[in-house]
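Here the structure comes first, spelled out in structure tokens, and everything after it is commentary.
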Amino acid sequence: MKEKATQICIAVLVGAIICTIGISAEDKPREKKVDSKYFVHDETEPLPPVVAPGKTDDQPPADAIVLFNGKDTLAWCDGKGQDTKWIINDTGEMECIKKSGYIQTRKEFGSCQLHVEWATPTDVKGSSQGRGNSGVFLMGTYEVQVLDSYDNITYADGQAAAIYGQKKPLVNVSRGPGQWQSYDIVFHRPIFKGKTNEVVRPAMITVFHNGVLVQDHWEIKGVTWHKKQSAYRYHADKMPIQLQDHGNPIRYRNIWVREIPEIITR
Ligand code: MG
């Protein structure tokens with residue numbers, strides 16, 4: 001009997017403690033999140049938009065703009081706005097034709113998330129910068145180098161996944177010649193002071209090469225130039241994305257982009 005009374009007392013005590021904790025949690029003043037008009041766990045904060053993902057992570061999500069999916073090159077033109085001379089080969093890949101010039105998107109982009117897949121020639125020719133050279137130019141201005149960097153020595157800031165002439169990749173994660181490789185790029189455009197060459201916010205870039213982080217939110221120093229220290233030159237808020245013709249038959253496939261809103265509600 002005495003033992004049962006003790007058990008009841010313990011149960012009542014535990015219940016009282018739980019009850020007390022519950023009340024104190026409810027009574028705790030709500031705190032605002034840092035740099036936000038919302039409280040922590042605020043149920044009035046709007047939920048993010050629902051976006052259907054791709055079937056696999058390399059496939060475009062529902063809100064992406066597909067730039068190339070093997071069917072046509074309608075999203076692209078040459079530097080003068082004319083139809084590109086790059087071809088779609090028998091296996092549905094877009095291939096650079098020597099001396100056809102850069103190609104660029106007809107639509108213009110600023111800050112964006114960009115997925116690009118590319119392959120250098122299986123038949124290895126040339127060396128250093130002459131071997132499988134192309135490039136992805138954000139805003140037609142800032143190059144993420146495309147190069148066959150598998151067992152191919154060149155200068156560090158000119159190998160695959162380098163910000164050309166400015167920043168070598170963190171690692172060389174290149175696949176061999178002819179194999180498909182991917183870039184997943186997060187790019188924030190520069191913001192200029194009026195229409196001057198001075199930036200109030202430099203461009204920032206993050207790059208994953210074959211799924212591996214190779215550029216970590218790095219501050220771009222300016223326009224991509226050859227053998228010259230970089231600097232910013234004023235340009236519009238949105239510009240075409242370009243792919244480089246460097247004289248090598250580089251192939252591209254599965255290219256899609258998502259625009260990043262300039263104003264982000266926290
Ligand atoms: Mg290049």
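Numbering starts at 1 and runs along the sequence shown. All values reported here derive from a predicted model rather than from experimental measurement. Read the numbers this way: they start at 1 and go in the same order the structure lists the ligands and their atoms.
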Exercise for the section: Could you tell me whether Asp42 and Lys32 have a side-chain N and a carboxylate O separated by less than 4.0 Å? Expected result: no
For residues 156-167, which side-chain N or O atoms pair as donor and acceptor with protein atoms under 3.5 Å away, sequence neighbours left out?
residue: Tyr164; atom: OH; partner: Tyr155; partner atom: OH; Å: 2.4
residue: Tyr164; atom: OH; partner: His226; partner atom: ND1; Å: 3.1
residue: Gln166; atom: OE1; partner: Lys221; partner atom: N; Å: 2.8
residue: Gln166; atom: NE2; partner: Gly222; partner atom: O; Å: 2.9
residue: Gln166; atom: NE2; partner: Ser230; partner atom: OG; Å: 3.3

Handout entry: Lys/Arg N to Asp/Glu carboxylate O, Lys33 vs Glu45, below 4.0 Å
Key = yes
Practice task
Keeping to residues at least two apart or across chains, list the salt bridge (Lys or Arg N to Asp or Glu O under 4.0 Å) pairs with something in residues 129-142.
Solution key: Arg131-Asp148
Problem - Trp76 six-ring centre to Arg106 NZ/CZ under 6.0 Å and within 45° of normal - result: no
What donor-acceptor contacts under 3.5 angstrom involve side-chain atoms of residues 197-205, with partners at least two apart or in another chain?
residue: Asn197; atom: OD1; partner: Tyr234; partner atom: N; Å: 2.8
residue: Arg201; atom: NH2; partner: Arg189; partner atom: O; Å: 2.7

Completion exercise
One checks the Mg ion (ligand 1) and counts protein N, O or S atoms under 2.8 Å, reaching 5
